[in-house]
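These notes are about the structure you will find just below.
Predicted model, so just to flag it, every value in this text is computed and none were measured. To find a chain, count down the sequence lines: A is the first, B the second, and so on, and within it residues start at 1.
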Number of protein chains: 2
Amino acid sequence: MNLNLEDIARLSGVSRSTVSRVINNHPNVREATKEKVMRVIREQNFHPNPVARMLATQRAQIIGIVVSQTATTFFNDTSSYFPTIIQGIADTTNERNYGTLLWLNNGSDSENEENFYRRIIHNRLMDGVIVISGSSSRILVDHLAETNIPFVCIERPHGVADRTTYVSINNVEGAKQAIRHLVSLGRRRIGVVMGPPENTDATDRLAGYYEAMQEAGLEVDPAWVFVGQFTTETGLQGARALLSQRVDAIFAGSDQIAIGLLQAFHEEGVRVPEDVAIVGFDDLPSAVEVTPQLTTVHHPIREKGAVATRLLLEQIEGRSVEPQHIFLPTHLVIRQSCGAARVQNSVQAQVQEV
Amino acid sequence: MNLNLEDIARLSGVSRSTVSRVINNHPNVREATKEKVMRVIREQNFHPNPVARMLATQRAQIIGIVVSQTATTFFNDTSSYFPTIIQGIADTTNERNYGTLLWLNNGSDSENEENFYRRIIHNRLMDGVIVISGSSSRILVDHLAETNIPFVCIERPHGVADRTTYVSINNVEGAKQAIRHLVSLGRRRIGVVMGPPENTDATDRLAGYYEAMQEAGLEVDPAWVFVGQFTTETGLQGARALLSQRVDAIFAGSDQIAIGLLQAFHEEGVRVPEDVAIVGFDDLPSAVEVTPQLTTVHHPIREKGAVATRLLLEQIEGRSVEPQHIFLPTHLVIRQSCGAARVQNSVQAQVQEV
DNA sequence: ACGCTTTTTGGGAGCGCTCCCAAAATCTAC
DNA sequence: GTAGATTTTGGGAGCGCTCCCAAAAAGCGT
């Protein structure tokens, strides 16, 4: 039922090779021939079989997106971190006519995980792979590094980092921007609630916190540092832990955490930003949906995906070989939760009236 | 560098065909031969080239997931509708060793859209396709129906519905559950803020609202019905529109809308549930993160993805031909926003103390 | 019109598998 | 040991394309 090159060749009175040349618009085809063939192709609504082409060229025009187990939790919460990265990837792949094969590991046992990685590595359908949250899928990254499948990580991976191309953001600087801002507003007892140490974003942001505190000449009491996950749950716990330390500001390692802080403080009757100022990280869509709106470090998530894809395609198409390490810039978005903005948020306004 | 069947054959002293039989564990291979070949395969860490296999078998073990343009907006908000469906799909594809090709259209102009659909239809890499939000990608569904690529829609599509297999939920019944509950709590002036009429979930939920109101013998004032998008923005607008109608309850077409209502009422000083009771739809993760927690109709999103995939694979593997229409059941989750729960939410507790 | 260069075209081989058929090996029973 | 049935194995053809090389056609200058 489906036609092939040979059929089109017969119908247009030329050879298979000429049809192939027309399709791949090879320069050396006479204009008249080209048009003749093109007409037949259009008439028959012919589309060359990509599988055959793959087999012949050893290229698939497909990249893989791997979302590792841990990271999968992101899908369940209200952060849209992952989907946003994927959108960024799609921005580039659509533009360049690549397909994307999505690998989501949501099994739980590690036997499955091993099998999951095998499937990825041996699936020769992909010209390259983007590993999201490289820090949490070290095994895969190591495997990938052994083969010569081009790949790039999103977020700085552990271990193989310098031999690997990755795209991250300037977490250290972002954290410093946040802390400096709090300091400039007169806060001194600045605590931090951070994500897990396996996550390089978390470690980098924490490093930025320490650096900025030191630069400001502020000593950090270890009890001001609460480490958990990048979740609202951790925010709730962190709020309780830090409240007893009488901190006057908290740097939340992510907006998810910040939202947890906000919830806890709301319940405890602690006023934000009056009693405790909060600065988040990520600038998620929900940062403006909470009360008070979050002051937060903008994280160019979608761009990360797009840039990673561009780098990967360069690698695939052989235009680049050297491992690259990209850190996209961040910037602070000042809203209400830090207390810098004039605007009073409506909760207080209301409570004061009562 | 990569070995092929012939190499393995040579190394194990048998023929290509025998190796192929071993790999596909065809019954007629002597045990001894089988083991010999297996050993070589393991030693060489050989994996057959899936592309060649595809070309020979005309089967790819890959399905496509199409997320159409309009739906893409879901990615940007805090609803995790889409990612959750995709997880459901992955649950099934991982189990069955299928790969998934993700098609995300985030371009804007319609020329792109046409091209996007072409790419999908002519990409012969997919044994079948899952169209998410079929109602919004009618063109694609029509195209797909013309070819004989197996496909399944998530949500009831427009037009071709009865010739098409789709998986949806019982929107009508879900809406009725919500309304009945509000009626049982003594509410009479029940308004509704609903998503767009192009969306069949929206139309079905609205139909359920009308039916339930009629069953309860309550007349619906047309001014109580506000139609927009499935977004918080629409919630904000809807709240303002319905407030002047002095409704005592609102059925929100989605939790996103409900969150918008909550925000607006919070700002206006309208108490929920005392002044206005709210019931949402979807039971998103954020339903428990807002104050008061949302009473809402549970929507088995992930299951929808999993079921759709199972149906698709049956179709692909030829075990089913008749179009099927599945409506997964919903149930009401009672929390705080309807006023049925004893627990007072903390905002009021606080305000009352002041 | 003719030789020479350049462009255009056709066909073979190959990508790495599966599937079919026929040949070889093995088994069975006498 | 042998005929006949059955199991196991090997090799050819084919899936639909690309790529290379050689042959054919066209262009060009005299």
Side-chain angles (χ1 to χ4, degrees), chain A residues 1-41 44-62 97 99 122-127 317-318, chain B residues 1-41 44-62 97 99 122-127 317-318:
Chain A
M1 140 107 227
N2 264 323
L3 300 175
N4 61 24
L5 274 197
E6 210 91 42
D7 298 322
I8 300 300
R10 196 158 8 81
L11 289 169
S12 42
V14 297
S15 78
R16 178 170 40 86
S17 306
T18 300
V19 178
S20 172
R21 271 182 286 247
V22 170
I23 287 173
N24 298 291
N25 54 80
H26 187 97
N28 286 353
V29 179
R30 207 188 322 156
E31 200 53 36
T33 318
K34 188 168 178 173
E35 269 167 26
K36 188 172 56 180
V37 174
M38 286 290 248
R39 224 193 32 249
V40 176
I41 289 178
Q44 305 292 327
N45 190 27
F46 170 76
H47 290 263
N49 182 328
V51 179
R53 179 179 270 169
M54 274 181 210
L55 185 60
T57 58
Q58 308 284 49
R59 287 277 315 286
Q61 289 271 104
I62 286 181
N97 261 273
H122 299 295
N123 180 305
R124 317 260 270 296
L125 235 54
M126 301 177 289
D127 298 328
E317 293 167 1
Chain B
M1 139 108 226
N2 264 324
L3 299 175
N4 62 22
L5 273 196
E6 210 91 41
D7 298 321
I8 300 299
R10 196 159 7 81
L11 288 170
S12 43
V14 296
S15 79
R16 179 168 41 89
S17 307
T18 301
V19 178
S20 172
R21 272 182 288 255
V22 170
I23 287 173
N24 297 291
N25 54 79
H26 187 97
N28 287 352
V29 179
R30 208 189 320 160
E31 199 54 35
T33 317
K34 188 170 178 171
E35 271 166 26
K36 190 172 55 182
V37 174
M38 285 290 247
R39 223 191 34 248
V40 176
I41 288 178
Q44 305 293 327
N45 190 27
F46 171 75
H47 290 262
N49 182 326
V51 179
R53 180 178 266 169
M54 273 180 212
L55 184 61
T57 60
Q58 308 284 46
R59 287 278 314 286
Q61 289 271 103
I62 286 180
N97 262 271
H122 297 117
N123 178 307
R124 318 261 269 295
L125 237 52
M126 301 178 288
D127 298 327
E317 292 166 3

State, yes or no, whether a side-chain contact exists between Asn49(B) and Asn4(B) at a heavy-atom distance under 4.5 Å.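 SC-SC contact between Asn49(B) and Asn4(B) ruled out.
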If we only count heavy atoms from C-beta on, is the Arg39(A) to Glu35(A) side-chain gap below 4.5 Å?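 Arg39(A) does not reach Glu35(A) side chain to side chain.
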Base, sugar-phosphate, or nothing for [X], non-hydrogen atoms under 4.0 angstrom?
X        : value
Val14(B) : sugar-phosphate
Thr57(B) : sugar-phosphate
Asn4(A)  : sugar-phosphate

Toward the 5' end of DNA chain D, by each residue's nearest nucleotide, Gln58(B) or Arg30(B):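 The residue mapped nearer the 5' terminus is Arg30(B).
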Verify the contact: side-chain N or O of Asn49(B) to OP1 or OP2 of dC17(C), cut-off strictly under 4.0 Å; return yes or no.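 For dC17(C), neither OP1 nor OP2 has a side-chain N or O of Asn49(B) closer than 4.0 Å.
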Please determine if a side-chain N or O atom of Ser20(A) lies less than 4.0 Å away from the OP1 or OP2 oxygen of dT18(D).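 Answer yes for this pair, as a side-chain N or O of Ser20(A) is under 4.0 Å from OP1 or OP2.
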How close or far is atom [atom2] of [N] from atom [atom1] of [X], stated in whole angstroms?
X         : N       : atom1 : atom2 : result
Glu6(B)   : dG11(D) : CD    : C1'   : 10 Å
His122(B) : dG16(D) : NE2   : C1'   : 16 Å
Asn24(A)  : dC17(D) : CG    : C1'   : 9 Å
Asn2(B)   : dG14(C) : CG    : C1'   : 16 Å

Please confirm whether any donor atom in the side chain of Arg16(A) sits under 3.5 Å from an acceptor in the base of dT18(D), or the reverse.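 Yes.
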Is there a donor on the side chain of Ser15(A) or the base of dG11(C) sitting less than 3.5 Å from an acceptor on the other?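 It does not, because no donor-acceptor pair links the side chain of Ser15(A) to the base of dG11(C) below 3.5 Å.
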Bend across the helix from dA1(C)-dT30(D) to dC30(C)-dG1(D), to 10°, with axes taken over 5 pairs at each end?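 Nearest ten degrees gives 30° for this helix.
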